[in-house]
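Everything numeric in this text was worked out from a predicted model, so none of it was measured.
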Amino acid sequence: MRNVVFVEGVRTPFGKAGDKGIYAGTRADDLVVNAIRELLRRHPELPGERVDEVAIAATTQIGDQGLTIGRTAALLAGLPKSVPGFALDRMCAGAMTAVTTTASGIGFGAYDIAIAGGVEHMGRHPMGEGVDPNPRIIADKLVDPTALVMGQTAENLHDRFPAITKQRTDAFAARSQEKYAEAVKTGKIGPELVPVATRSAELGWGLATEDEPPRPGTTVEQLAGLKTPFRPHGRVTAGNAAGLNDGATAALLADEDTARELGLPVGMRLVGYSFAGVEPEVMGIGPVPATEKLFKRTGLSIDDIGLFEINEAFAVQVLAFLDHFGIADDDPRVNQWGGAIACGHPLASSGVRLMTQLSRQFAERPDVRYGLTTMCIGIGMGGTVLWENPAFEGAK
């Protein structure tokens with residue numbers, strides 16, 4: 001097996017889904033095309049014909065984020081027609097799976113270089129648009145009916161872990177907003193963003209240069225008063241969960257020797273990955289068995305991990321992961337620059353956002369050797385990817 005490296009990742013600013021969002025008049029495929037073009041612009045040392053594959057994920061593969069979007073986006077981005085592409089779907093872990101799938105091909109020797117990412121325009125294509133679930137899923141009691149509503153699965157997770165109170169999730173959410181705002185202020189978040197031209201029937205043309213969802217200054221007191229839409233007197237609110245968002249990501253992956261040959265930077269090195277299934281009605285616990293499975297395969301443990309990027313679909317699922325591994329709610333290794341509760345979670349695109357942030361954190365932390373990117377996945381799954389810091393200077 002060859003060493004697989006994450007060269008660089010980029011993303012569009014994330015927008016709020018809906019008629020008032022920044023991308024209301026922007027096509028989904030144009031979002032990911034912008035991301036791919038930016039990767040190529042940043043790396044003129046990479047000839048387009050050297051790209052062996054383009055894998056783009058979308059949860060709702062319909063309309064302008066359908067039609068084998070990996071191939072159409074590659075063409076629209078200006079890659080040679082000789083470069084193939086495909087689409088895939090693993091709900092929230094779409095981009096993560098695009099990375100692990102193409103990385104496996106690189107490790108096996110089928111590819112030298114690949115582009116992997118994801119896009120979700122939840123304003124144009126709400127999750128589940130056009131699907132027809134087999135009624136036997138519910139009728140045969142294969143899953144609990146709440147499994148198909150993500151917010152209800154988060155409430156179920158609260159039921160399973162009563163120590164994770166609404167007060168804890170609100171406090172975690174407020175910290176996410178605070179950390180994100182500080183990361184923007186200090187320039188930690190921003191260099192990875194791709195400006196996107198937007199169009200509004202009312203306002204005309206514009207340029208999206210920053211994330212739309214964040215609410216800086218959010219306090220625990222403000223969050224305490226929000227409605228609980230998934231259950232009367234529940235615990236999940238719009239404040240302690242990620243919203244409905246639009247956005248796209250793209251990453252450049254390569255065989256390490258090929259990257260060195262072309263002069264491509266090495267942001268981090270892939271160590272391993274794992275996906276695991278759980279009861280769909282508590283899908284938020286998915287990162288726990290996925291991570292345990294990965295540790296078993298690699299021989300590492302939670303004590304070896306110096307940085308964590310955990311997708312914040314819901315605060316409760318992040319806290320369930322932290323509690324399982326004995327990590328404090330405010331551990332500084334976790335989501336240093338905030339997370340999806342602040343910046344947004346355009347489903348299939350988010351995995352590469354986690355990786356991009358971890359890679360950039362590695363560059364600042366030569367004292368850290370290993371980092372994790374992990375996320376829960378709808379219909380009862382979790383995914384975890386383990387990375388090594390090429391800037392690691394060893395124990396001092």
Side-chain angles (χ1 to χ4, degrees), residues 4-15 23 26-46 48 50-59 64-65 68-80 83-90 92-103 105-106 111 113-121 189-197 208 211 245-254 259 264-265 267-268 270 309 343-360 373 385:
V4 181
V5 298
F6 184 98
V7 174
E8 186 179 9
V10 298
R11 68 177 177 91
T12 68
F14 289 169
Y23 297 130
T26 304
R27 289 179 59 96
D29 47 11
D30 282 337
L31 292 175
V32 75
V33 165
N34 270 274
I36 295 173
R37 283 177 174 169
E38 178 64 11
L39 274 181
L40 299 173
R41 186 193 70 79
R42 292 187 183 197
H43 296 287
E45 68 274 27
L46 172 63
R50 291 295 299 270
V51 177
D52 293 307
E53 188 71 272
V54 178
I56 301 298
T59 298
D64 55 353
Q65 59 188 45
T68 314
I69 193 169
R71 171 61 171 168
T72 56
L75 292 171
L76 289 164
L79 283 165
V83 177
F86 65 95
L88 72 162
D89 171 21
R90 202 200 290 261
C92 302
M96 176 179 278
T97 306
V99 167
T100 58
T101 300
T102 53
I106 293 170
Y111 313 136
I113 296 172
I115 291 173
V119 60
E120 210 72 57
H121 199 309
I189 289 177
E192 78 280 25
L193 298 182
V194 181
V196 177
D211 294 321
N245 305 110
D246 307 331
T249 59
L252 192 59
L253 306 169
L264 294 167
M268 52 188 183
L270 180 64
E309 279 293 319
C343 70
H345 173 32
L347 303 182
S349 69
S350 288
V352 163
R353 179 188 68 80
L354 303 176
M355 296 170 189
T356 299
Q357 293 192 179
L358 179 63
S359 176
R360 297 183 60 243
T373 55
V385 188

Subject >> Nearest-0.5 Å distance that lies between atom CG in Asn34 and atom CG in Asp29 >> reply: 10.5 Å

Subject >> Close side-chain approach of Met355 and Glu309, heavy atoms under 4.5 Å >> reply: no

Subject >> Nearest-0.5 Å distance, CZ of residue Phe6 to CG of residue Leu253 >> reply: 7.0 Å

Subject >> Within-4.5 Å side-chain heavy-atom neighbours: Ile36 and Ile56 >> reply: yes

Original post:
Counting distance only, does the side-chain N/O of Glu120 pair as donor-acceptor with the main-chain N or O of Ser349 below 3.5 Å?
Top reply: no

Original post:
Would you call Leu264 and Glu45 a side-chain contact if the rule is heavy atoms closer than 4.5 Å?
Top reply: yes

Subject >> Candidate pair Glu8 and His43, rule side-chain hydrogen bond (donor to acceptor under 3.5 Å, both in side chains), full reasoning >> reply: CA-CA 10 Å; Glu8 186 179 9; His43 296 287; 2.6 Å; yes

Original post:
How long is the gap from CZ on Arg353 to CG on Leu358, to the nearest 0.5 Å?
Top reply: 11.5 Å

Original post:
Just how far is it from atom CG of Leu193 to atom CG of Asp211, taken to the nearest 0.5 Å?
Top reply: 6.0 Å

Original post:
Side chain of Thr249, backbone of Arg11: donor and acceptor closer than 3.5 Å?
Top reply: no

Original post:
Is there a side-chain contact between Cys92 and His345, using heavy atoms and a 4.5 Å cut-off?
Top reply: yes

**OP:** Drop me the distance from Glu192's CD to Ser359's OG, to the nearest 0.5 angstrom.
**Re:** 11.0 Å

Subject >> Heavy-atom check, side chain of Pro265 versus side chain of Val7, under 4.5 Å >> reply: yes

Subject >> Inter-residue atom distance Asp30.CG - Asp64.CG, 0.5 Å rounding >> reply: 8.0 Å

